[in-house]
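These numbers come from a predicted model, not from an experiment. Computed over heavy atoms, backbone and side chain alike; hydrogens, waters and symmetry mates excluded. One-based numbering along the sequence shown. One-based numbering, in listed order, for ligands and for the atoms of each.
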Amino acid sequence: MGTRKRVHAFVRVKPTDDFAHEMIKYGGDNKTIDIHLKKDTRRGVVNNQQTDWSFKLDGVLHDASQDLVYETVAKDVVSQALNGYNGTIMCYGQTGAGKTYTMTGATENYKHRGILPRALQQVFKMIEECPTQAITVRVSYLEIYNESLFDLLSTLPYAEPSVTPMTIVESPQGVFIKGLSVHLTSQEEDAFSLLFEGETNRIIASHTMNKNSSRSHCIFTIYVEAHSRTLSDEKYITSKINLVDLAGSERLGKSGSEGRVLKEATYINKSLSFLEQAIIALGDQKRDHIPFRQCKLTHALKDSLGGNCNMVLVTNIYGEAAQLEETLSSLRFASRMKLVTTEPAINEKYDAEIINLRQIQEVFNQFRVVLSQQEQEVESALRRKYTLIDKNDFSAISAVQKAGLVDVDGHLVGEPDGQGFGLGVAPSSTRPGKKSKSKKMFKEQLSSLARKEGARSPVSGKDLDASTSKTQLTPSSKDGDVKDMLLQDRETSSIEPLASESPKEELHPPRPSTPPAKPVAFEDFKNERGSEINRIFKENKSILNERRKRASETTQRINAIKREIDMTKEALNFHKSLREKQGEYENKGLMIIDEEEFLLILKLKDLKKQYRTEYQDLQDLRAEIQYCQHLVDQCRHRLLTEFDIWYNESFFVPEDLQVALKPGDSIRPGMMPLSRILSLGEDDQDRFSRLQQTMLPEGPDSVSFYNAKVKTEQKHNYLKTMMGLQQTHRK
Ligand code: ADP
Ligand code: MG
């Protein structure tokens with residue numbers, strides 16, 4: 001703290017076959033870029049036109065992979081954000097030079113993902129590695145177009161701009177945008193879904209509202225809030241990471257433009273030059289007034305530029321001669337930014353005394369996250385148990401059925417339903433440490449709430465605290481108890497406690513006033529709110545089963561080929577030994593073989609080829625199965641989670657709290673619950689399998705990326721269909 005930091009300025013050159021070697025030269029230090037312009041002879045032999053420039057930046061990224069760009073540009077900014085430093089990474093440059101590619105990357109291809117998804121991954125990874133902190137992550141996605149603000153994560157992407165426009169508000173806690181939706185994300189995949197959602201909305205908005213997306217600034221913000229678990233301190237740390245994809249910097253409509261284009265040009269040129277002015281003013285220690293409020297861009301970024309912030313600029317340029325003029329102007333901008341020094345400082349805050357409904361809602365959102373994580377844990381605990389149940393042990397099975405722990409399609413939860421390829425991915429929340437973390441996080445929030453709240457509030461802290469205990473969570477719910485018991489009992493592999501627990505059920509039949517037993521309610525749920533997700537679940541499952549069947553068939557073929565290979569080899573060896581006995585070698589060292597032996601060799605060659613092909617197929621299938629298994633697990637989890645929410649909302653949430661929990665709310669507030677998504681259409685199926693193909697080489701880290709991608713596409717196709725239907729209906 002206290003040491004001044006420079007703005008870090010990098011230049012990234014877009015790959016091209018037509019690189020202007022004679023005009024653009026890189027220094028050996030990878031930091032210098034020299035531009036040489038041929039003299040314009042039309043201006044006469046003697047002129048003062050400058051022809052050579054040299055720019056020294058923090059790094060020249062030429063032919064750099066997305067991976068390297070992230071390492072160089074973003075990694076430190078993101079890791080410092082978890083220590084409380086705000087960070088801003090901006091891409092600047094003319095349209096087409098690669099700003100969006102650098103920032104967002106290709107959403108179809110995991111390997112080419114940009115800074116945004118990688119930053120999210122890093123944040124979640126760091127949270128996992130930091131058990132002493134209770135860290136929450138939120139995201140928002142703002143677009144600024146012609147000085148108007150648009151929420152790219154608003155729930156109504158197809159609607160006209162909202163009636164009450166968003167406004168930028170300054171508060172002692174920093175700058176925030178009133179009306180911009182900020183989404184709590186508890187896992188990487190949710191964050192990816194929001195990112196894809198935003199990207200899709202950005203494209204849709206550019207069509208429906210006739211906006212040119214290269215003329216807008218987009219700011220994706222990751223908000224981090226960290227409370228210490230070990231110190232019962234009121235002090236906590238907040239930070240923001242702003243990832244900014246600026247509007248194209250090219251000088252637009254130099255001559256003769258009018259109307260919309262002129263308006264856009266004016267706004268962009270103004271906001272980019274205001275941005276520069278603000279940053280330069282920040283670097284000037286003598287200046288006490290920084291002109292932040294001149295435009296929306298600088299105003300929205302006020303607490304994230306300079307000041308207390310780590311700032312990185314990536315200037316995207318073309319390496320082609322035709323673009324040299326814009327390239328020069330971009331490089332000038334970069335080198336001016338590089339001179340600016342700022343003073344990063346930690347954002348420390350203290351728990352405020354105010355409590356409002358929003359905070360209560362927030363706690364409830366946390367609560368649901370915990371609930372869903374517990375569901376996942378129960379599920380995996382069950383999986384471990386029930387794989388051990390003998391299928392002929394009817395008493396064990398009926399005990400399980402009585403407890404309501406039967407999978408939606410009649411299988412035992414966790415029963416392996418395939419033939420031999422149990423390649424499931426463990427849900428992330430089953431990894432060690434996570435459960436206690438989330439539970440504790442929630443408890444802490446509750447108790448801090450309770451402390452602040454006192455007895456006057458409609459929801460006393462005591463009530464809230466009680467609701468975390470398992471008995472209050474699902475009061476009088478036997479299966480809830482069984483699940484909890486299983487959760488505690490997960491270390492032992494015996495089924496005994498469950499079986500002995502079941503008679504209790506008969507002793508306490510549900511009274512008419514008590515809610516329906518979970519298995520009964522679950523059937524209702526599957527026919528009502530859960531019908532769509534149930535359908536998707538079943539579909540995914542049948543895809544998975546089909547793949548497993550194919551894998552099993554392939555294995556059988558492979559084994560058959562292997563047997564034939566062995567037999568052929570034996571036959572060949574027999575021929576060989578015969579020959580050796582007869583001493584049938586020619587003097588010249590040539591081997592004489594009979595026709596039968598020759599055919600055997602050919603056959604062996606052919607068999608080996610078949611073996612390799614089948615083996616490759618099997619490998620591919622295994623990867624597909626792994627991916628499908630993950631989807632199925634997720635669907636099952638969603639189904640159970642949504643069921644629990646529905647069950648608790650319907651039967652247990654006190655009326656005064658039902659106001660806070662809007663009906664139909666899913667885990668992720670503001671987003672459409674998956675249960676409302678229609679089944680996969682033909683196109684989706686295609687895309688689905690295509691995605692599966694493309695993700696194969698990239699390993700398990702890419703699963704949540706592609707999952708989120710598929711879901712976003714499904715959702716938007718569904719919305720599109722609905723929009724279409726509505727319009728036809730109107731006509
Ligand atoms: P901008 O956002 O600056 O207008 P884009 O990021 O949309 O530009 O890039 C324009 C096109 O060039 C896109 O098709 C993008 O995929 C491609 N592109 C840009 N930079 C790279 C790069 N470094 N490697 C491969 N393709 C790139
Ligand atoms: Mg772009």
Side-chain angles (χ1 to χ4, degrees), residues 9-20 24 26 30 33 57 59-74 89-119 141-146 150 152 195-196 198-207 209 211-220 242-253 261 264-265 267-269 271-272 275 297 312-320 322-331 333-334 694 709:
F10 297 91
V11 58
R12 185 181 198 183
V13 191
K14 183 176 163 176
T16 171
D17 293 336
D18 194 18
F19 186 76
I24 304 174
Y26 305 119
N30 255 337
I33 184 163
L57 301 159
V60 177
L61 298 156
H62 175 61
D63 269 341
S65 66
Q66 295 283 67
D67 208 20
L68 180 65
V69 169
Y70 186 78
E71 292 283 318
T72 317
V73 163
I89 303 172
M90 286 187 282
C91 283
Y92 180 95
Q94 73 183 109
T95 300
K99 295 181 297 299
T100 306
Y101 184 80
T102 300
M103 207 38 98
T104 309
T107 52
E108 303 75 34
N109 188 319
Y110 182 69
K111 200 173 148 212
H112 297 154
R113 69 201 187 284
I115 291 175
L116 260 168
R118 285 169 203 263
Y141 209 173
L142 174 72
E143 184 179 35
I144 304 174
Y145 177 73
N146 286 356
F150 298 89
L152 290 176
L195 169 61
F196 292 143
E199 292 303 320
T200 315
N201 288 346
R202 188 171 161 185
I203 293 161
I204 291 169
S206 72
H207 291 313
M209 296 174 58
K211 295 196 290 202
N212 183 337
S213 66
S214 73
R215 307 275 182 267
S216 67
H217 312 291
C218 289
I219 308 175
F220 188 92
N242 289 289
L243 302 167
V244 189
D245 186 351
L246 291 168
S249 61
E250 63 274 11
R251 272 156 293 172
L252 300 149
V261 175
E264 281 174 348
Y267 280 132
I268 295 165
N269 291 346
S271 62
L272 289 176
L275 174 70
L297 176 67
V312 176
L313 177 79
V314 180
T315 302
N316 292 95
I317 61 167
Y318 280 94
E320 288 156 21
Q323 307 294 338
L324 213 63
E325 205 179 322
E326 289 297 340
T327 294
L328 261 176
S329 121
S330 295
L331 288 171
F333 180 84
T694 38
K709 177 81 183 154

Could you list the residues that satisfy ring-ring contact (aromatic ring centres under 6.0 Å, His included) with Y101, not counting sequence neighbours? none
Does the K99 side chain pair with the main chain of G93, one donor and one acceptor, at a distance under 3.5 Å? yes
Can you name the residues that come within less than 4.0 Å of ligand 1, going by heavy atoms only? R12, K14, P15, Q94, T95, G96, A97, G98, K99, T100, Y101
Quick check: does Y101 put an N/O/S atom under 2.8 Å from the Mg ion (ligand 2)? no
What donor-acceptor contacts under 3.5 angstrom involve side-chain atoms of residues 67-74, with partners at least two apart or in another chain?
residue : atom : partner : partner atom : Å
D67     : OD1  : R118    : NH1          : 3.1
Y70     : OH   : Q122    : OE1          : 2.4
T72     : OG1  : L68     : O            : 2.6

What residues form a side chain to side chain contact (heavy atoms under 4.5 Å, CB included) with D18, not counting sequence neighbours? T16, E320
Just do the side chain to side chain donor-acceptor pair (under 3.5 Å) check on E199 and T104 with the steps written out, would you? CA-CA 9 Å; E199 292 303 320; T104 309; 3.3 Å; yes
Report the C-alpha separation of R12 and T315 in whole Å, then their side-chain angles, then the decisive distance to 0.1 Å, and conclude whether the side chain to side chain donor-acceptor pair (under 3.5 Å) test is met. CA-CA 6 Å; R12 185 181 198 183; T315 302; over 6 Å; no
